[in-house]
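None of these values were measured; they are calculated from a predicted model. Every number for a ligand or one of its atoms is a count from 1 in the order of the listing.
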Amino acid sequence: MDVSIIGSGYVGTTVAACLADDGHDVVNVDIDEEIVAAINEGHSPIHEPGLDDLLAEHAGGRLRATTDYAAVRETDVTFLAVGTPSRDDGSIDTGVVEAATQSLGEQLGAKDDDHLVVVKSTVVPGTTDELVIPALEAALGEPVGESVHVAVNPEFLQMGSAVENFRTPQKIVFGVDDGDQWALDRLHELYAGVVEAADPAVVETGLREGEMIKYANNAFLASKVSLINDIGNVCKEFDVDAYEVADAIGLDDRIGERFLRSGLGWGGSCFPKDVAAIIAAAEGAGYEPPMLTAAVEVNDRQPERLLDLLADHTDLDGARVAVLGLSFKPGTDDVRGSRAIPVVEGLRERGATVVAYDPVATGKFREKHPDVDIEFADSAAAALDGADACAVVTDWDEFAALDAEFDSMASPVVVDGRHVVERREGITYEGLTW
Ligand SMILES: NC(=O)c1ccc[n+]([C@@H]2O[C@H](COP(=O)([O-])OP(=O)(O)OC[C@H]3O[C@@H](n4cnc5c(N)ncnc54)[C@H](O)[C@@H]3O)[C@@H](O)[C@H]2O)c1
Ligand SMILES: O=c1ccn([C@@H]2O[C@H](COP(=O)(O)OP(=O)(O)O[C@H]3O[C@H](CO)[C@@H](O)[C@H](O)[C@H]3O)[C@@H](O)[C@H]2O)c(=O)[nH]1
């Protein structure tokens, strides 16, 4: 099929490259000229394993990028994959979705044959019905469901394994207006390659249900991590290793072994904003969700607990502290919502000097947080050299291999927020929940 994707960030670029690899002709439309140029040159605009290879293979062939929305007229299907950030009160900011939908509608008004618009951005229930469809109808001058159809198809990929997740999903969700078989047929055609290769469950549902499934998925996973962190904090009080406990309870398949890694908590571009958005949406509708609010509260406290543990062993005022890891998780250069931010800010507030190292995220951290006063080291060894204490923030594999590097610390205090560094003789080691 001929596919256009509006927004070429983490999701739009991954989906475009994977669909091109499945044999579709794909065009990415983005307002950012640098991103467009990178894709056309066959380079990934983001660090994501496997993406560079796919772009190198398909750019200039089945995949291209442009800033010109007119490209959508040459396609059968358009994904909306633009960002849906948080407003200051946590509620979803749909401004970009609205702007992109209007630009899309103007182009579709000038197209003769049928078209499917697929909302892939994460949006709160009702957004497609109350914002996307009316904006399209205003531009088209006709009701949606005649020549232009609308569906929601939330994305569940994880950063750091996005390409693999898109290719081998456990489920795909197709949300359509009741009875819109045409839209469902197009979605099945689009995903035929993925379904054939990975045999995922295909959930056919309504527009609002499709939107809500995405929030429920993220809220459940974020809450699961907060629950194991709450339990982990209790474990720490009793000198019990929360990882041994988690390994055991994870054997009960009603609990499941994944997302039981306790420590510094969840960050990223999705969990924090999506949990906040669904809480705000629920409150707007008259329901205050206490479990979700508690999940956020536990998460907000974990960085503070790491700082307290550091302070138990080191006078932080004037200390030089090595921070290992800046990305919100390993395998990505994304620093949005990273737990490194409250850790670094907390250290600075307590008068410490911070020297940070991350294998890939230093550039993004500098770019997004130009005002945070820290030094950046070009290796973990360099960050540790002469440091009075060390905070492990991201579970990069290379931190697990650190050993003699700790010997060059002025005072070898290590507080591990991710259960990645081995306890060893010669270092004062504290785990957050073990
Ligand atoms: N990042 C993830 O892992 C992930 C996973 C699943 C779902 N999601 C959801 O997918 C959506 C996109 O997330 P992302 O992380 O890819 O966002 P992103 O910020 O990385 O990318 C958004 C892109 O949209 C472009 N853009 C902004 N305004 C535009 C416009 N008017 N027209 C065209 N392009 C425009 C930006 O330049 C940017 O490249 C969000 O709703 C997010 O919640 C993200
Ligand atoms: O046991 C765990 C698992 C995760 N995390 C943390 O939780 C955050 C999120 O991790 P992960 O879910 O792996 O990363 P994302 O790429 O943000 O993916 C989530 O958010 C995406 C965007 O909505 C969804 O598509 C994915 O399904 C969902 O897992 C990270 O800070 C992790 O360090 C833990 O602390 N303990």
Side-chain angles (χ1 to χ4, degrees), residues 4-16 28-36 38-39 45-46 48 65-69 72 79-86 92-104 119-124 127 153-162 165-166 169-171 211 214-215 217-222 224-229 232 243 246 250 256-275 277 299 302 325 327-332 334-340 393-395 417-419 432-433:
S4 45
I5 301 185
I6 312 286
S8 192
Y10 286 85
V11 170
T13 309
T14 305
V15 173
N28 268 124
V29 181
D30 202 291
I31 53 170
D32 187 321
E33 287 179 3
E34 278 182 32
I35 289 179
V36 166
I39 293 173
I46 49 163
E48 194 56 52
T66 178
T67 54
D68 185 358
Y69 267 79
V72 305
F79 282 98
L80 281 171
V82 292
T84 46
S86 301
I92 183 176
D93 181 346
T94 50
V96 185
V97 172
E98 193 170 2
T101 306
Q102 276 162 359
S103 305
L104 172 62
V119 179
K120 192 163 256 312
S121 298
T122 302
V123 292
V124 296
T127 307
N153 167 227
E155 182 51 58
F156 299 96
L157 61 78
Q158 288 172 268
M159 293 171 63
S161 52
N165 294 153
F166 185 84
Q170 290 177 343
K171 64 176 176 293
E211 293 167 327
K214 173 67 194 174
Y215 282 97
N217 215 90
N218 274 358
F220 204 97
L221 290 171
K224 187 175 181 186
V225 175
S226 280
L227 183 53
I228 197 64
N229 279 336
Y243 276 73
E257 65 188 16
R258 300 189 65 196
F259 277 66
L260 285 182
R261 293 182 59 81
S262 52
L264 258 179
W266 34 273
S269 63
C270 293
F271 282 2
K273 97 170 160 63
D274 292 346
V275 176
N299 200 51
Q302 295 307 94
S327 61
F328 82 95
K329 61 182 262 189
T332 178
D334 198 339
V335 298
R336 291 177 288 181
S338 171
R339 303 286 80 197
V393 170
T394 314
D395 34 348
R418 295 292 182 190
H419 200 255
L432 214 51
T433 57

Main-chain N/O of [Y] paired with [X] side-chain donor or acceptor, under 3.5 Å:
X      : Y      : value
Glu155 : Ser121 : no
Lys329 : Met159 : yes
Arg418 : Gly263 : no

* For ligand 1, what are the residues with a heavy-atom contact below 4.0 Å? ->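 Answer by chain and number: Ile6, Gly7, Ser8, Gly9, Tyr10, Val11, Val29, Asp30, Ile31, Asp32, Ile35, Tyr69, Ala81, Val82, Gly83, Thr84, Val96, Ser121, Thr122, Glu155, Leu157, Met159, Lys214, Ser269, Cys270, Lys273, Arg336.
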* To do: Can you measure from CZ (Arg339) to CG (Asn299) and round to the nearest 0.5 angstrom?
  => 4.5 Å
* Which residues share a side-chain contact (heavy atoms from CB on, under 4.5 Å) with Glu98, sequence neighbours left out ->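 Result, side-chain contact (heavy atoms from CB on, under 4.5 Å) vs Glu98: Gln102, Leu131.
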Contact table ligand 2 N or O to protein N or O, d under 3.5 Å:
from: ligand 2; atom 1: 1 (O); to: Leu260; atom 2: N; distance (Å): 3.3
from: ligand 2; atom 1: 1 (O); to: Arg261; atom 2: N; distance (Å): 2.9
from: ligand 2; atom 1: 13 (O); to: Gln158; atom 2: NE2; distance (Å): 2.7
from: ligand 2; atom 1: 13 (O); to: Lys329; atom 2: NZ; distance (Å): 2.8
from: ligand 2; atom 1: 14 (O); to: Lys329; atom 2: NZ; distance (Å): 3.2
from: ligand 2; atom 1: 16 (O); to: Met159; atom 2: N; distance (Å): 2.7
from: ligand 2; atom 1: 23 (O); to: Lys214; atom 2: NZ; distance (Å): 2.7
from: ligand 2; atom 1: 23 (O); to: Asn218; atom 2: ND2; distance (Å): 2.8
from: ligand 2; atom 1: 25 (O); to: Glu155; atom 2: O; distance (Å): 3.4
from: ligand 2; atom 1: 25 (O); to: Phe156; atom 2: O; distance (Å): 3.2
from: ligand 2; atom 1: 25 (O); to: Leu157; atom 2: N; distance (Å): 3.4
from: ligand 2; atom 1: 25 (O); to: Leu157; atom 2: O; distance (Å): 2.7
from: ligand 2; atom 1: 25 (O); to: Lys214; atom 2: NZ; distance (Å): 2.9
from: ligand 2; atom 1: 27 (O); to: Phe156; atom 2: O; distance (Å): 2.7
from: ligand 2; atom 1: 31 (O); to: Gly267; atom 2: N; distance (Å): 2.9
from: ligand 2; atom 1: 31 (O); to: Phe328; atom 2: O; distance (Å): 3.0
from: ligand 2; atom 1: 33 (O); to: Arg418; atom 2: NH1; distance (Å): 3.4
from: ligand 2; atom 1: 35 (O); to: Arg418; atom 2: NH1; distance (Å): 3.2
from: ligand 2; atom 1: 36 (N); to: Arg261; atom 2: O; distance (Å): 2.9

* Structure fact -> Residues passing the ring-ring contact (aromatic ring centres under 6.0 Å, His included) test with Phe166, sequence neighbours excluded, are Tyr191
* Asked: Checking side-chain contact (heavy atoms from CB on, under 4.5 Å) for the pair Ser4/Tyr69: CA distance, chi angles, key distance, verdict?
  -> CA-CA 9 Å; Ser4 45; Tyr69 267 79; over 6 Å; no
* **Glu257 CD: over 12 foreign heavy atoms closer than 6.0 Å** => no
* Geometric class of the His419/Tyr243 ring pair [parallel <30°, tilted 30-60°, perpendicular >60°] ->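 Taking His419 first and then Tyr243, their aromatic rings lie parallel (interplane angle under 30°).
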